[in-house]
Amino acid sequence: MTSTDSVAAPAGNDGEFKAQQIVELTAPPFAPEEEHPAVGDPANVLWLADLNETLLKYESNNEDFEGKNPTPDDFARVEYELRDADGNVVGTTKGVGRMLYKRPEDGHHIAYFSEEIRLNDGTVIRTGGLVDDVKLTEGEQATIPAVGIAGPFRGAVGFRQFKPVETHKSYLSQIVLYRR
């Protein structure tokens, strides 16, 4: 039995059963093998690289738009337009960021950022993950998990990366999803 083989719910251990289900649905295959032929088929991959994100809307309880003075209570709602390298609009994003805590060892603020991305082909992607807000504001790339929740890539898993060009105003990004 592999680590992602299905198991019956053990009596009285519903939490463990749910954890196993999560593993089965979200763990990437170890390698594209006979069990997972879809990963090796380009038709099962959505790879949007060199995307440019431009701010459409920004609302925050912190008046510091540049992000140089974060607080543990920061909360923001954002909307961006996504364009490919040729300047064509490929979709939009609506996201929410909430500062969670300040790490005592380095003073960095850790945030949770989530969003819904709507692509022009009908694909809807949900992302969410932890981000070192200090590093992101300083220009480093962030990577968070992504899952197709509707449209042609519903059920596909992958990631989203974004790197600020101008903090909160524009980002370079990519989205990679694959079916398994």
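Only this structure's heavy atoms are used, side chains among them; waters, hydrogens and symmetry mates stay out.
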J.: I want to check something: taking the side chain as every heavy atom from C-beta on, are L51 and L172 in contact at a cut-off of under 4.5 Å?
T.: no
J.: Spell out, yes or no, whether F65 and F162 are grouped together once hydrophobic residues are joined by side-chain heavy atoms under 4.5 Å, including indirect joins.
T.: yes
J.: Taking the side chain from D86 and the backbone from N88, do they hold a donor-acceptor pair closer than 3.5 Å?
T.: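 Between the backbone of N88 and the side chain of D86 there is no qualifying donor-acceptor contact (under 3.5 Å).
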J.: Which atom names give the shortest non-hydrogen contact between K169 and Y80, and what distance separates them?
T.: O-CE2, 4.0 Å
J.: Rounded to the nearest 0.5 Å, how far apart are CG of N61 and CZ of R98?
T.: 8.5 Å
J.: Minimum heavy-atom separation for E53 to T93, with atom names?
T.: OE1-OG1, 4.5 Å
J.: Would the Y178 and F153 ring centres measure less than 6.0 Å apart?
T.: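 When the ring centroids of Y178 and F153 are compared, they turn out to be at least 6.0 Å apart.
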J.: Are E116 and R77 ion-paired here, with the side-chain N under 4.0 Å from a carboxylate O?
T.: no
J.: Are I117 and T127 side-chain neighbours, meaning at least one heavy-atom pair lies under 4.5 Å?
T.: yes
J.: Which atom pair, heavy atoms only, marks the closest approach of P70 to N62?
T.: CA-ND2, 4.0 Å
J.: Closest heavy-atom contact between T143 and Q141?
T.: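 Shortest heavy-atom contact: OG1-NE2, 3.9 Å.
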J.: Using the test side-chain hydrogen bond (donor to acceptor under 3.5 Å, both in side chains), find all partners of D106 that sit at least two apart in sequence or belong to another chain.
T.: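 Here the qualifying residues are R103.
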J.: Do the side chains of I110 and M99 join up, straight or via other hydrophobic residues, at under 4.5 Å, putting them in one cluster?
T.: no
J.: Heavy atoms only: give me the nearest L177-V147 pair and the separation to one decimal.
T.: CD2-N, 4.3 Å
J.: Quick one, R126 and V124 - any side-chain contact, counting heavy atoms below 4.5 Å?
T.: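 A side-chain contact is absent here, since even the closest heavy-atom pair is not under 4.5 Å.
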J.: Quick check: closest heavy atoms across P164 and G139, and the distance to 0.1 Å?
T.: CG-CA, 3.7 Å
J.: Please work out which of the three classes, parallel, tilted or perpendicular, describes the rings of Y58 and H168, given edges at 30° and 60°.
T.: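 It falls in the tilted class, 30° to 60°.
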J.: Using the rule given for side chain to side chain contact (heavy atoms under 4.5 Å, CB included), can you reason through E140 versus K163, listing the C-alpha separation, both sets of side-chain angles and the distance that settles it, and then say yes or no?
T.: CA-CA 6 Å; E140 288 191 28; K163 179 179 180 174; over 6 Å; no
J.: How long is the gap from CG on L48 to CG on L82, to the nearest 0.5 Å?
T.: 8.5 Å
J.: Under 3.5 Å, is there a donor on one side chain and an acceptor on the other for E81 and T54?
T.: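 Absent: no donor and acceptor within the cut-off.
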J.: Is E59 paired with K57 through a side-chain N to carboxylate O contact shorter than 4.0 Å?
T.: yes
J.: Would one find more than 12 heavy atoms of other residues, nucleotides or ligands at under 6.0 Å from atom CZ of R83?
T.: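 Yes.
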J.: Take atom CG of N120 as the centre, draw a 6.0 Å sphere, and report whether it contains more than 12 heavy atoms from other residues, nucleotides or ligands.
T.: yes
J.: To the nearest 0.5 Å, what is the distance between CD1 (I125) and CZ (R160)?
T.: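 Separation between the atoms: 8.5 Å.
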